[in-house]
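This structure is a prediction, so every number in the text was calculated from the model and none was measured.
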Amino acid sequence: MLKNLFSSFLLIASANFTFAQTNLFNGGTDITVDLGAIVYVDGHIINEVSGFVHNKGDIYLTRDWTNREPSGCLDPTTGTVILDGATTQTITGTQSTTFNNLDCRQGSKKILNINTYVGGSTGVLMLKSSPFDLNSKIVIVTNAAPAAITRTTGYIISESEAPPTGNGYGIVDWKLGNSGAGKNYTYPFGTTTGTYIPFLFNVKTAGVQNGVGSLSVSTYPTSTTANPNNRPLPTNVSNLIDLSVSLDVSNICADRYWITDAFNYNSNPAADIIFTYRDSEWDNSGGSNNLLLEDSLRAWRWSGNQWENPPVGIDNPTMNQVTVTGASFFSQWTLLGDEPLPPPPCGEFFLPNAFSPNADGRNDLFRPRSICIRDINFIIYNRWGNPVFESTDVAKGWDGNTPEGEKANPGVYVYVLKATLNDGSLIDQKGTVTLVK
């Protein structure tokens, strides 16, 4: 481990020079990396209080970056730090770091453990093929150019569930400033499983700043097992009630939220914004109780105390995107569909009057024939009034065996059945069935 113990230390002075070290520990001195120089650290870089790295070259490291100096450690507008580890790397410490260029390589996950600044005035967050996990922290992008974040197959993981279930979602706060028409920004979000779901912000009219204007965006999916659906709600959102019908509309909302906020504007920028979702977030393939048509999805915005109607935007099912034109209000968003689809036709409810449980694959079970029984209470009695079969499982039928596991005698049996269908219809039926060999 290299420890710097002097008040000023010139680590690299000449161009095209490579310095390799297991770990680099700056105990509180100045380190200078000249323009064109390369520093390679096969390990951690740890910068203590009063430690400064004046970097105009390239610093490679394969393990974690740790900073404890309040100034941010690095000169904010020069040099490149390259996270070159083949395994997970973290940016951590007690104080935020201010990177100019931050280059994420090797396809390994990079994790924020502290809020982090990237971009200087012309610097870039380069994702290459690496997932960049915000871990409920904030990355502040200070370069206003749309090219301040680049990627090949990498992406930013913003998602983690909102409190109280989760520890909060990570945020990309991009200092867009007074960027005007034609500036198209991509917040390159991806899911924890690697699906690319970018949020696009295509400026139509510049905002009027009262400081350095910025747009922060985050997103997370909701639990498909929650009841009601689409929970947990974003922070400061209290319900999913559509006031036009005075109903909770959880089962016609996509299972994802986007949280947007504009800062330091007297007049917000106006833009076309594009929300990207996954199929499993609108249909029920992910286990939710959603019941809607995809091309009916529209963007639905929380106004501060209620959801704003009507929903806006146009869905593109091919791209899995909803586009809203000319948006200038920013808060929490989700996607809302039309009224629920009608339940599929149940057809005739039918119980056979005989069955033959002889394992020939035909008519071996006695059970009701219907594709949409929601719940059931089904009991079968023998001629002496003793139950030989009971079930509340809609998929289960009587196989002709007694509760003791013995084959029941051929003959006539009495059944009592009560059931509810998906359309709400009630079935209350008694009758007989003949068991034949």
Side-chain angles (χ1 to χ4, degrees), residues 1-48 50-69 71-93 95-112 114 116-132 139 141-143 145 147-154:
M1 176 180 288
L2 176 68
K3 295 187 176 181
N4 301 313
L5 304 176
F6 306 103
S7 61
S8 181
F9 177 65
L10 184 64
L11 179 62
I12 296 294
S14 60
N16 302 317
F17 183 91
T18 302
F19 180 90
Q21 182 68 36
T22 302
N23 291 312
L24 176 60
F25 180 86
N26 183 4
T29 66
D30 281 13
I31 296 176
T32 298
V33 181
D34 275 352
L35 181 67
I38 298 171
V39 175
Y40 185 87
V41 179
D42 189 11
H44 303 280
I45 293 180
I46 302 169
N47 189 74
E48 292 289 352
S50 298
F52 302 93
V53 181
H54 305 294
N55 177 33
K56 296 181 181 179
D58 294 335
I59 299 176
Y60 289 75
L61 72 155
T62 61
R63 299 295 296 277
D64 299 338
W65 174 281
T66 302
N67 176 52
R68 300 187 179 101
E69 163 51 41
S71 72
C73 174
L74 294 162
D75 294 337
T77 59
T78 61
T80 300
V81 173
I82 299 145
L83 301 181
D84 198 41
T87 58
T88 298
Q89 293 179 270
T90 63
I91 297 172
T92 188
Q95 301 292 332
S96 296
T97 301
T98 56
F99 296 96
N100 177 46
N101 292 311
L102 180 62
D103 188 341
C104 302
R105 297 188 180 181
Q106 299 285 0
S108 59
K109 183 180 288 187
K110 318 302 181 184
I111 300 176
L112 291 190
I114 191 166
T116 299
Y117 293 80
V118 180
S121 55
T122 60
V124 178
L125 172 60
M126 294 170 274
L127 299 178
K128 302 291 176 66
S129 59
S130 291
F132 191 77
V139 59
V141 180
T142 54
N143 178 1
I149 304 177
T150 64
R151 66 182 290 270
T152 48
T153 57

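Across all non-hydrogen atoms, the minimal contact from F52 to N26 is N-ND2, 3.5 Å. Nearest heavy atoms, A148 versus V141: CB-CG1, 3.8 Å. Nearest approach of N67 to T97, heavy atoms of both residues: CB-OG1, 3.3 Å. The minimum heavy-atom distance linking Q89 with K110 is given by the pair OE1-NZ, 2.7 Å. In terms of heavy-atom proximity, V124 sits nearest to N101 at N-OD1, 2.8 Å. Counting all heavy atoms, side chain and backbone alike, N55 lies closest to V81 at ND2-CG2, 4.4 Å.
Atoms CZ and CD1, from F25 and I46 in turn, are 6.5 Å apart once rounded to the nearest 0.5 Å. Here the CD1 atom belonging to I91 is positioned 10.5 Å from the CD1 atom belonging to I114, to the nearest 0.5 angstrom. Rounding to the nearest 0.5 angstrom, the gap separating the CG atom in N100 from the OG1 atom in T142 is 8.0 Å. A distance of 4.0 Å separates CG of L74 from CH2 of W65, quoted to the nearest 0.5 Å. Interatomic distance, S50 OG to E69 CD, rounded to the nearest 0.5 Å: 5.5 Å. Distance check, rounded to the nearest 0.5 Å: CG of D64 to OG1 of T90 gives 3.0 Å.
Other residues, nucleotides and ligands place no more than 12 heavy atoms under 6.0 Å from the CZ atom of R63.
The closest donor-acceptor contact from the side chain of T62 to the backbone of G85 lies at 3.5 Å or more, if one exists at all.
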#### Entry: Derivation of the side chain to side chain contact (heavy atoms under 4.5 Å, CB included) call for K56 and D34
CA-CA 5 Å; K56 296 181 181 179; D34 275 352; 5.7 Å; no
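By the 4.5 Å heavy-atom criterion applied to side chains, Y60 and D103 are not counted as neighbours.
Evaluated for a side-chain contact (heavy atoms from CB on, under 4.5 Å) with L102, the options L127, L83, V139 yield exactly one hit, L83.
Between the side chains of Q106 and D84, at least one donor N or O sits under 3.5 Å from an acceptor N or O. Between the side chains of N23 and H44, not a single donor N or O lies within less than 3.5 Å of an accepting N or O.
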